[in-house]
Amino acid sequence: MLDIRLIREHTDQVIARLASRGGEAHLRIHDILECDKERRSAETRLQHLQSDRKRMSKEIGMRKAKGEDTSAVEAEVRALGDEVSHLNEASAKLEERQRDLLLHLPNLPHEGCPIGADAEANPELRTWGERPAFGFTPKSHVDLGESLGLFDFERAAKISGSAFVCFTGAGARLERALLNFLLDLHTRENGYTEMGVPFVVRPEALVGTSQLPKFEEQLYRCDRDELYLAPTAEVPVTNLHREEIIALEQLPIRYAAYTPCFRREAGSAGLGTRGLIRMHQFDKIELVKITTPEESARELEALTADAERVLQILGLHYRTIELCTGDIGFGATRTYDIEVWAPGQNGYLEVSSCSSFGDFQARRMNLRYKDGEGKNRFCHTINGSGTALPRLMVALLETFQQADGSVLLPAALQPYFGSDRIG
RNA sequence: GGUGAGGUGGCUGAGUGGUCGAAAGCAGCGCUUUGCUAAAGCGCCGUACUCCAAAAGGGUACCGGGGGUUCGAAUCCCCCCCUCACCGCCA
């Protein structure tokens, strides 16, 4: 959520930066300012009336204590009370409208965020490793999975519908090995605290991290209980500290958490295709940081490096790109995507999206810290996948497949999997 | 799911329908005293919004959340949420 004062005082810059996203968000600024103006004027009038009422009521109290008759004043205040409640209602409505407008407004892209219309304009920042060469035509993970018995899409569809998977035998073990490997890496070597969080969350939490109110159709909802299935661990983990004021010494907070992620993927391209690349449910390790404005840029770089390290240790070729203003997510102010090479797809797959949100989420969830001068300020929040599991598995299987159809696992994974190869 | 107890400022903890944004203590900040430490004394010490060009300074709201009664609610009434305890059910 953007600060209404920022919008009020730097209107032109806000409009310009929102416009750089494309879309129509910047066109709503005018309405928001109008609403703000109306709201403040209503509030001021209301406060004057309340002040009068308060003063007169006190007077009634004092005069009653002296045994004087107060019926005339009481009638006067009663009339005032009606006016107060009307104005109060009007002012509350305006405030709600303003909040709703602000909640639908995306974050401002960071000054350093490259300007561009769409994904085509995302600059590549760096690559690591090289595309593996094969003496044969590399297979897709779908074919490898079939011949090695790693997963079963048909039976998953039988129980849950399309775009779900059932990991079987060695596939299930590989999934579990990856989870443990990733959590151990981030907690033992990269300095994150492991968290095990609920997978089902209240709407407020989703408003906090900005999946709601705008992206409701992407979420699985449990109507009876007003709960949603978490689309990413970002939601439960970042919201752990909502409504809190954190002591400066406790920052930065760094969490790593495993959760399954549930996404309806309404309208997504590629949902119908077979394979592990886009599913309604998938496992992910998420890295979340809560920090100060001063440290947030550095912490984003460090978090991105922590995610990249996963691919380096596994020996997987990848590239890191930065999302341009036209492609960056709703709440993000700056985003790096890490894309791993998948030979069977002959293309890169996004396995991690590392973003800084500035104080955008913190404002929504009222997450603050006490600075050196004892002032309460909004925190900055950062998160990124470290990493998504199915696509990592795709890259592993496709990269390390052998001519005989088996898959040789990287050394770091072998103790977790309990063997050096599949098949 | 049932019953009971409770939710007050950073913490502990008072609070009569009226002058309560809220006693007191602790913690924190500043000053004084002291050779230093300790101690004592005095003062300051919530958040959000809003008015004023800004500062200074006003104002309003907030005692878990939302409604209601009243001229006036932390205090009375209703609904909800949360915490704790016990019971039931259950992995």
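Letters A, B, ... are given to chains in the order of the sequence lines, protein chains preceding strands, and every chain is numbered from 1.
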[X] [atom1] - [N] [atom2] separation (whole Å):
| X | N | atom1 | atom2 | answer |
| --- | --- | --- | --- | --- |
| A/Gln98 | B/A48 | CD | P | 16 Å |
| A/Leu94 | B/U50 | CG | P | 13 Å |
| A/Glu95 | B/A48 | CD | C1' | 10 Å |
| A/Asn88 | B/C49 | CG | P | 18 Å |
| A/Asn366 | B/G65 | CG | P | 13 Å |
| A/Lys370 | B/C11 | NZ | P | 11 Å |
| A/Glu244 | B/G10 | CD | P | 13 Å |
| A/Ile245 | B/G28 | CD1 | P | 19 Å |

Exercise. When all nucleic acid strands are considered with a 4.0 Å heavy-atom cut-off, which category describes A/Arg368: base, sugar-phosphate, or nothing?
Worked result: sugar-phosphate

Going by atom types alone, do [X] and [Y] pair a side-chain donor with an acceptor below 3.5 Å?
| X | Y | answer |
| --- | --- | --- |
| A/Tyr369 | A/Arg377 | yes |
| A/Gln211 | A/Gln218 | no |
| A/Tyr336 | A/Glu301 | yes |
| A/Gln361 | A/Thr381 | yes |

For this session: Just compare B/C49, B/U19, B/C71 and give me whichever is closest to any side-chain atom of A/Lys58.
Result: B/U19

Exercise. Among B/U50, B/U19, B/A61, which is the nearest nucleotide to the side chain of A/Met62?
Worked result: B/U19

Exercise. Do any of residues 198-210 of chain A sit with a heavy atom less than 4.0 Å from RNA chain B, and if so which?
Worked result: A/Arg202

Problem set entry | Proximity to RNA chain B (any heavy atom under 4.0 Å), residues of residues 40-48 of chain A only | A/Arg40, A/Glu43, A/Thr44, A/Gln47

For this session: Go ahead and name the base partner of B/C62; Watson-Crick or wobble counts if both distances stay under 3.5 Å, otherwise write none.
Result: B/G46

Problem set entry | Short side-chain to backbone donor-acceptor contact, A/Arg278 and A/Ala163, under 3.5 Å | no

For this session: Write down the distance separating the P atoms in B/G25 and B/C80, rounded off to the nearest Å.
Result: 40 Å

Exercise. Roughly how far apart, to the nearest Å, are B/A61 and B/A73 at atom P?
Worked result: 9 Å

Exercise. B/C71 phosphate, OP1 or OP2: any side-chain N/O from A/Lys54 under 4.0 angstrom?
Worked result: no

Exercise. If only side-chain N and O atoms of A/Arg377 are considered, is one of them under 4.0 Å from the OP1 or OP2 phosphate oxygen of B/U47?
Worked result: no

Problem set entry | Pair A/Arg309 + A/Glu189: basic N to acidic O under 4.0 Å | yes

For this session: Nearest 0.5 Å please: distance from the CG atom of A/Leu103 over to the CG atom of A/Leu212.
Result: 10.0 Å

Hey, what are the protein-to-nucleotides 72-78 of chain B N/O distances that come in under 3.5 Å?
| from | atom 1 | to | atom 2 | distance (Å) |
| --- | --- | --- | --- | --- |
| B/G72 | O4' | A/Ser57 | OG | 3.2 |

